[in-house]
Amino acid sequence: ILALKTSEQFGASISSSDELLVKAKKDSEDIISDDNRFTKLLEVDETYDLTVLPTTMSDFDRVNLKLFVKNFIHFSASQLNLYYSENIVRTFLASMASSKLIILEGISGTGKTSLPYALGKFMSNDATMISVQPSWTDRTELIGYLNEFTKKYNEPDFLKSIYETTYRTDVNLLILDEMNLARVEYYFADFLSVMEVPDPKEWLIEIVPNQLPSDPVNLKKGKILLPQNVWFIGTANKDDSTFTITDKVYDRAHSIELNERAKYIDAPFTNKINMSYDYLNNLFEEAILDNPLTNKNLEKLEELDRFLTKHFKITFGNRILAQTEKFIPVFVASGGTEVEGLDFIVARKIIRKFESINLAFLVDEVDLLLKKIDQIFGKENFPLTIESIKDFKRQI
């Protein structure tokens, strides 16, 4: 129509009208291809000016893991009026060393959400809060979708936060608040899968099937590489409004139970720190080299594994053993002991699986297990595991 009107107005020939029509079509295609379908991600590009933000650390910031635990507790108490025990903090750090997904469970008011919030404040990079909704059913709730009608990409805050970490070198925490209001294995499936890939360079999440020149620069072939400096922290309650978290999720995560509020601490005023991901990761790697799981405790763990396999058909899988080999050294470097760390692993990784077993037919085996644990590790050395087993026994 534009070509014909132009032809009539300027007396152009039919052939020139055809040329104008072709040019008009090309111009329209150029306009569509240049139309930015991402808004929030391009704002991130503009904010950072396409430059990765360095993390500047001073001597005060270069702490070891044990001092990290102490300073964080004092910072939280003196500046945020939030109180945490050393054991909880070192367990959280060791969990970070062995998994990108940490689940904080327990009764309301025990600090599930405030713990990662305070840690973000302490490390000078506020944690991002994502409120999970009961209606979430698939990946689009987290990473969005392309609206075929408007040709615009719907960009959730979760996607924007992930994309922003590609420009940062510090530690980034994403809180999935009330994560089990919907089925975690549905909406978080893509992330559970990529985190199983051994090579982090292959942790690619597809955003769009094709790449346009106007797309954000850190999307490569329509995919985003999940940065190593991000951790997902899920909080979970157990009530009638929530779903059961499946073994698929638990096996890939570390679950920490918070059922008691830590006591008041009269802590000295302590400043926050700047810490890069590389520095924290080096602390983890040094701890793994310096504090490997001793052969003595490894043999004890294997003995317990054989007993559980024989009587309960439950075993330590390769994934759990790999996590244990990272968790224990960092737990020890943060001020704990091997036995305390193993107690946590067995209670939260193995005994938790009793939820799917009908223990009413295994009462004698449960009693034998309690005796076996005392025999292997010594009486009162495995309090978390013993208490977990007794909790299940009371439900029989």
Side-chain angles (χ1 to χ4, degrees), residues 53-100 102 104 106 109-129 165 168-175 228-233 235 254 256-258 260-291 326-338 340-341 344:
L53 183 68
T55 303
T56 304
M57 297 181 61
S58 66
D59 291 339
F60 173 79
D61 303 320
R62 301 179 186 280
V63 296
N64 58 29
L65 290 172
K66 190 176 293 186
L67 191 55
F68 183 103
V69 171
K70 178 182 177 181
N71 286 357
F72 169 66
I73 292 173
H74 288 174
F75 167 83
S76 299
S78 63
Q79 296 204 39
L80 303 177
N81 294 321
L82 296 172
Y83 308 101
Y84 305 102
S85 67
E86 288 188 2
N87 191 60
I88 287 296
V89 178
R90 68 170 64 104
T91 299
F92 193 92
L93 271 181
S95 298
M96 289 179 67
S98 49
S99 177
K100 291 294 181 181
I102 302 171
L104 302 177
T110 53
K112 297 189 298 295
T113 304
S114 66
L115 177 56
Y117 164 83
L119 189 60
K121 291 288 186 184
F122 177 61
M123 302 184 77
S124 304
N125 185 16
D126 289 356
T128 300
M129 177 81 71
T165 61
R168 303 189 66 95
T169 57
D170 51 6
V171 176
N172 297 263
L173 305 178
L174 269 67
I175 305 172
Q228 288 299 292
N229 60 333
V230 62
W231 277 265
F232 306 103
I233 317 298
T235 66
H254 269 295
I256 304 174
E257 194 163 9
L258 301 175
E260 295 181 1
R261 292 187 62 183
K263 297 180 181 179
Y264 169 82
I265 301 172
D266 186 14
F269 183 86
T270 305
N271 285 318
K272 61 184 179 180
I273 63 174
N274 292 314
M275 181 172 286
S276 68
Y277 161 76
D278 286 341
Y279 182 84
L280 180 62
N281 191 54
N282 286 336
L283 290 179
F284 291 158
E285 291 179 349
E286 289 173 4
I288 293 169
L289 289 175
D290 295 340
N291 306 289
K326 294 179 180 179
F327 179 94
I328 298 299
V330 175
F331 187 85
V332 171
S334 301
T337 67
E338 268 196 5
E340 289 174 335
F344 171 83

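Please read these numbers as outputs of a predicted model, since none were measured by experiment. Numbering starts at 1 and runs along the sequence shown.
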- Message: For the CD atom on Glu338, are there more than 12 heavy atoms of other groups (residues, nucleotides or ligands in this structure) within a distance under 6.0 Å?
- Response: yes
- Message: Looking at Tyr117, I want to see if its OH is surrounded by more than 12 non-hydrogen atoms of other residues, nucleotides or ligands under 6.0 Å.
- Response: no
Side-chain heavy-atom pair [X], [Y] within 4.5 angstrom cut-off:
{"X": "Lys121", "Y": "Phe75", "result": "yes"}
{"X": "His74", "Y": "Pro268", "result": "yes"}
{"X": "Asp170", "Y": "Met275", "result": "no"}
{"X": "Phe232", "Y": "Ile102", "result": "no"}
{"X": "Leu173", "Y": "Val171", "result": "yes"}
{"X": "Lys272", "Y": "Met123", "result": "no"}
{"X": "Ile233", "Y": "Lys112", "result": "no"}

[Y] and [X] side chains, donor-acceptor separation under 3.5 Å:
{"X": "Thr55", "Y": "Tyr277", "answer": "no"}
{"X": "Asn274", "Y": "Ser124", "answer": "yes"}
{"X": "Asn125", "Y": "Asn172", "answer": "yes"}

- Apply the test side-chain contact (heavy atoms from CB on, under 4.5 Å) to residues Ser76 and Tyr84: give CA-CA distance (whole Å), side-chain angles for both, the deciding distance (0.1 Å), then the verdict. CA-CA 8 Å; Ser76 299; Tyr84 305 102; 4.0 Å; yes
- Considering all heavy atoms, the nearest Lys326-Ser98 contact: CB-CB, 3.8 Å
- Can Asn281 and Glu285 be said to form a side-chain hydrogen bond (donor to acceptor under 3.5 Å, both in side chains), step by step? CA-CA 6 Å; Asn281 191 54; Glu285 291 179 349; 3.2 Å; yes
- Task: Give a yes or no on whether the ring-centroid distance for Phe344 and Phe327 is below 6.0 angstrom.
- Result: yes
